[in-house]
Amino acid sequence: MNNKDNVVSEKSKLFALRIIKLYKFLCDEQNEYIISKQIMRSGTSIGANISEALRAESKADFYHKLNVSLKEAEETAYWLELLLMGDYIDKKSYESINSDCDELISLLVAITKTQKQA
């Protein structure tokens, strides 16, 4: 595992914890149960797929799992935007968590580009 893999793995774990807290907030405070389940699934799946990628059986498997993580991160960004537009989260909260999501997307794009060229 190289340094970039370590960074994305840790950041995805911290992001998943933020998503879990967001899920609890949406259910307990906003009585929102549909999008909250979607974002919980996609937001925690990012790190799970990264974890699988780090134990990949081949370079192709590694690349595939990271691409799945990237897709899940993009989906999470979509749900975050809907939560903002639907007034379930305020702009400050959105910007904070979306910034972390964008950072994960950037890291995953960089890693997958490097892997595709290898």
Side-chain angles (χ1 to χ4, degrees):
M1 179 183 339
N2 67 36
N3 191 40
K4 201 180 273 189
D5 295 340
N6 234 351
V7 169
V8 76
S9 180
E10 280 306 307
K11 285 188 180 288
S12 67
K13 197 177 295 180
L14 293 173
F15 184 73
L17 291 171
R18 287 193 76 182
I19 291 293
I20 292 167
K21 288 177 184 175
L22 175 61
Y23 173 80
K24 288 179 183 178
F25 167 78
L26 291 170
C27 291
D28 296 346
E29 303 294 325
Q30 300 289 353
N31 295 315
E32 198 301 309
Y33 304 102
I34 306 301
I35 297 173
S36 60
K37 286 182 184 176
Q38 292 291 102
I39 200 164
M40 174 70 125
R41 186 200 53 74
S42 65
T44 57
S45 179
I46 300 164
N49 280 290
I50 290 169
S51 183
E52 285 186 47
L54 297 176
R55 299 285 183 246
E57 297 173 10
S58 65
K59 285 185 180 185
D61 187 32
F62 178 79
Y63 180 75
H64 172 72
K65 293 294 184 193
L66 285 184
N67 268 310
V68 171
S69 291
L70 180 55
K71 289 178 183 181
E72 295 293 344
E74 292 286 358
E75 180 181 338
T76 301
Y78 171 81
W79 294 125
L80 286 170
E81 189 175 341
L82 282 184
L83 288 170
L84 174 66
M85 294 171 70
D87 294 324
Y88 287 105
I89 58 174
D90 61 33
K91 188 170 180 160
K92 182 179 177 186
S93 299
Y94 167 79
E95 288 173 351
S96 175
I97 198 165
N98 193 61
S99 173
D100 287 351
C101 191
D102 284 345
E103 186 177 4
L104 279 172
I105 290 169
S106 295
L107 284 166
L108 289 164
V109 166
I111 295 168
T112 54
K113 279 184 180 178
T114 301
Q115 288 302 309
K116 195 171 190 176
Q117 294 170 354

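Numbers here simply count residues along the sequence, with the first being 1. Every value quoted in this text rests on a predicted model; they were computed, and no experiment measured them.
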Is there side-chain contact between Ile97 and Leu80, with at least one heavy-atom pair below 4.5 Å? yes
Residues in side chain to side chain donor-acceptor pair (under 3.5 Å) with Tyr94, at least two apart? Asn98
How long is the span from the CG atom in Leu14 to the OG atom in Ser9, to the nearest 0.5 Å? 9.5 Å
Ser51 (side chain) donor-acceptor with Gly47 (main chain) under 3.5 angstrom: no
Listing request: all salt bridge (Lys or Arg N to Asp or Glu O under 4.0 Å) pairs with a residue in residues 25-37, at least two apart in sequence or in separate chains. none
Leu82, Tyr23: one ILVMFWY side-chain cluster at the under-4.5 Å cut-off? yes
Under 4.5 Å between any side-chain heavy atoms of Ile39 and Leu22, yes or no? yes
side-chain contact (heavy atoms from CB on, under 4.5 Å) partners of Ser99, counting only residues at least two apart: none
Could you tell me if the side chain of Ile111 sits less than 4.5 Å from the side chain of Phe62, heavy atoms only? yes
Going through the checks in order, is the side chain to side chain contact (heavy atoms under 4.5 Å, CB included) test met by Glu52 and Asn49? CA-CA 5 Å; Glu52 285 186 47; Asn49 280 290; 4.2 Å; yes
Any residue meeting side chain to side chain donor-acceptor pair (under 3.5 Å) with Ser96, in chain and number order, not counting sequence neighbours: Arg18
What residues form a side-chain contact (heavy atoms from CB on, under 4.5 Å) with Asp61, not counting sequence neighbours? Ala56, Glu57, Ser58, Lys65
Apply side chain to side chain donor-acceptor pair (under 3.5 Å) to Ser42 and list each qualifying residue two or more places apart in sequence or on a separate chain. Thr76
Residues forming a side-chain contact (heavy atoms from CB on, under 4.5 Å) with Ser12, sequence neighbours excluded: Ile46, Ile50, Leu104
Minimal non-hydrogen separation, Ser36 against Cys27, with atom names: OG-SG, 3.7 Å
State whether the number of non-hydrogen atoms from other residues, nucleotides or ligands found under 6.0 Å of Phe15 atom CZ is greater than 12. yes
Which residues pass the side chain to side chain donor-acceptor pair (under 3.5 Å) test with Asn31, not counting sequence neighbours? Tyr33
If you look only at pairs with a residue in residues 6-15, which of them pass as a salt bridge (Lys or Arg N to Asp or Glu O under 4.0 Å), with sequence neighbours excluded? Glu10-Lys13, Lys11-Glu103
Please confirm whether the backbone N or O of Ile89 pairs with a side-chain atom of Ser93, one donor and one acceptor, at under 3.5 Å? no
For Lys91, check side-chain contact (heavy atoms from CB on, under 4.5 Å) against everything at least two apart and list the hits. Leu84, Glu95
Identify whether Tyr63 and Val68 are in the same connected component of the hydrophobic contact network (ILVMFWY, side-chain heavy atoms under 4.5 Å). no
With salt bridge (Lys or Arg N to Asp or Glu O under 4.0 Å) as the rule and sequence neighbours excluded, what pairs involving residues 68-83 come up? Arg41-Glu72, Arg41-Glu75
On a heavy-atom basis, which atom in Cys101 and which in Ala77 lie closest, and how many Å separate them? SG-N, 3.9 Å
Rounded to the nearest 0.5 Å, what separates atom CH2 in Trp79 from atom CD1 in Ile34? 10.0 Å
Could you measure the distance from the CD1 atom of Ile35 to the OH atom of Tyr88? Nearest 0.5 Å is fine. 6.0 Å
